[in-house]
Number of protein chains: 2
Amino acid sequence: MPTPQNPADATAMMPVPAFAAHDHAHCTADALTRAEAVTAAAGLRLTPVRRRVLEILLEEHRALGAYDVLARLATDGFGNQPPVAYRALEFLVEHGLAHRIQRLNAFTACTHPGEAHAPAFLICRTCATVAEAEAAPARAALDTAAAPLGFVIERITIEAMGLCPKCRDASA
Amino acid sequence: MPTPQNPADATAMMPVPAFAAHDHAHCTADALTRAEAVTAAAGLRLTPVRRRVLEILLEEHRALGAYDVLARLATDGFGNQPPVAYRALEFLVEHGLAHRIQRLNAFTACTHPGEAHAPAFLICRTCATVAEAEAAPARAALDTAAAPLGFVIERITIEAMGLCPKCRDASA
DNA sequence: ACTTGACCTGTTATGATATTACATTCATAT
DNA sequence: ATATGAATGTAATATCATAACAGGTCAAGT
Ligand SMILES: [Zn+2]
Ligand SMILES: [Zn+2]
Ligand SMILES: [Zn+2]
Ligand SMILES: [Zn+2]
């Protein structure tokens, strides 16, 4: 028995090989479908702007700045002022459909929407591709380090910079 | 035998209890002394601005924004344009005398200058105190997660938000 | 049908963070 | 003393983010 840790975690955490070749059209469509399911289940509204922002983020496994997103929105006929982008991004992040990458001041679509997961991010310094890895083991290690100091961890940010397999091969 | 992992790591990594009461005057003086040793050994120049910035960061175990530092510098008669602060901060970070806290767009003095250490940061959401914990175990866990994806981690950012013991007691 | 109220979108304006480019000064080594 | 590179000062600008308010949409309750 797979013992899911969370009611929302009916499916196992499937690795999304952002670095590897994959059927990205399916990857994108699937993420959108899940996003609709997640929002509907929570009584939230995946409005046109929000949905379009998610689509934009999903186009590539990279992180986009809010102003990059905004420029895309503007050409689509949506508003072209910063809050339009920031609000949609905030909504997506708040409900687990996107993540903020602190090191890049940028945003990326979640590759596991609807699944319970604590993401750590692997960011290629050459091609800027972002992949999600499971942060739970690292978090456990940190809890161990924090406990003797009396510090209670609530949220954690883990971002690893490095080289993805493709760029590693290219530079070799 | 203690087997130091690094030539520069003659002393063991002493925990600096940023959250606990401690002789902070000594804490500060010691950090400055170490900073002088580190820079001298590397043939670097701990100039007045750089030293002053380090002193400012050392005053409290909190992170300061570049403009906060800049304001302090200006009242001390140094330049009052952003690059003055950013350059000194960059120097300190580059040589391990300070760290950048990504989540806060801010900087904090290193509490283990001259020691080999991979810092993870524990940031109290209430009082903004920042402590360093050892990130090596968490990093090992991450390497394990990244390896099957073919991703090679080079640098890692780990920042935990939570409650320090003092604020935890206060809110209870 | 009408009103209400919550939520969403658009816009203006501003604030906060960070860098580029260039001029000047300082430390050091011929 | 003089050439060199490093460090600092300054102006201008780029980039990232939010506050405040106005109008629009939509569904619930009357
Ligand atoms: Zn994909
Ligand atoms: Zn890459
Ligand atoms: Zn101290
Ligand atoms: Zn605290």
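Sequence lines set the chain letters: A, B, ... in the order given, protein chains first and strands last, and positions in each chain run from 1.
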Show which side-chain atoms of residues 162-172 of chain A pair as donor or acceptor with protein atoms under 3.5 Å away, not counting sequence neighbours.
unit_1: A/Ser171; atom_1: OG; unit_2: A/Cys167; atom_2: O; d: 3.3
unit_1: A/Ser171; atom_1: OG; unit_2: A/Arg168; atom_2: O; d: 3.1

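- Within the 3.5 Å criterion, the main-chain N or O of A/Thr108 finds no donor-acceptor partner in the side chain of A/His61.
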For this session: Begin from the C-alpha positions of A/Glu90 and A/Arg87 and carry the test salt bridge (charged side-chain N to carboxylate O under 4.0 Å, His left out) through to its verdict.
Result: CA-CA 5 Å; A/Glu90 179 184 34; A/Arg87 283 193 291 232; over 6 Å; no
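- In this entry the distance linking CD of B/Glu94 with C1' of D/dA7 reads 14 Å, nearest Å.
- A donor-acceptor pair is defined here as one N or O able to donate and one able to accept, closer than 3.5 Å; such a pair exists between the side chain of B/Glu134 and the backbone of B/Ala136.
- Between A/Tyr86 atom OH and D/dA19 atom C1' the separation is 14 Å, expressed in whole Å.
- Atom CG of A/Leu64 and atom C1' of D/dC16 are 15 Å apart (whole Å).
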Could you go over nucleotides 5-8 of chain C and give all protein N or O partners under 3.5 Å, atom names and distances?
unit_1: C/dC8; atom_1: OP1; unit_2: A/Arg50; atom_2: NH1; d: 3.3
unit_1: C/dC8; atom_1: O5'; unit_2: A/Arg50; atom_2: NH2; d: 3.2

Which side-chain N or O atoms in residues 142-152 of chain B pair as donor and acceptor under 3.5 Å with protein atoms at least two apart or in another chain?
unit_1: B/Asp143; atom_1: OD2; unit_2: B/Arg139; atom_2: NE; d: 3.3
unit_1: B/Thr144; atom_1: OG1; unit_2: B/Ala140; atom_2: O; d: 3.0

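- Rounded to an integer number of Å, the gap from A/Arg51 CZ to C/dT9 C1' is 18 Å.
- Listed for the A/Arg52 side chain is no donor-acceptor partner under 3.5 Å among the backbone atoms of A/Leu73.
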For this session: List the steps and the verdict of salt bridge (charged side-chain N to carboxylate O under 4.0 Å, His left out) for B/Asp30 and B/Arg34.
Result: CA-CA 6 Å; B/Asp30 184 51; B/Arg34 284 159 168 260; 3.1 Å; yes
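- Here C/dC22 presents its C1' atom at 11 Å from CZ of B/Arg87, a figure rounded to the nearest Å.
- Evaluation of the ring pair (Phe, Tyr, Trp, His ring centres under 6.0 Å) rule for A/Phe91 yields A/His95 as partners, not counting sequence neighbours.
- For the pair A/Asn105 CG and C/dT19 P, the interatomic distance rounds to 10 Å; values are reported in whole Å.
- Under the side chain to side chain donor-acceptor pair (under 3.5 Å) criterion, B/Thr157 pairs with A/Arg103, sequence neighbours left out.
- For A/Tyr67 and D/dA14, the OH to C1' distance is 11 Å, given to the nearest whole Å.
- Across residues 76-84 of chain A, A/Pro82, A/Pro83 each have a non-hydrogen atom less than 4.0 Å from an atom of DNA chain D (numbered order).
- Nucleotide C/dA16 holds its C1' atom 13 Å from the CG atom of B/Leu70, rounded to whole Å.
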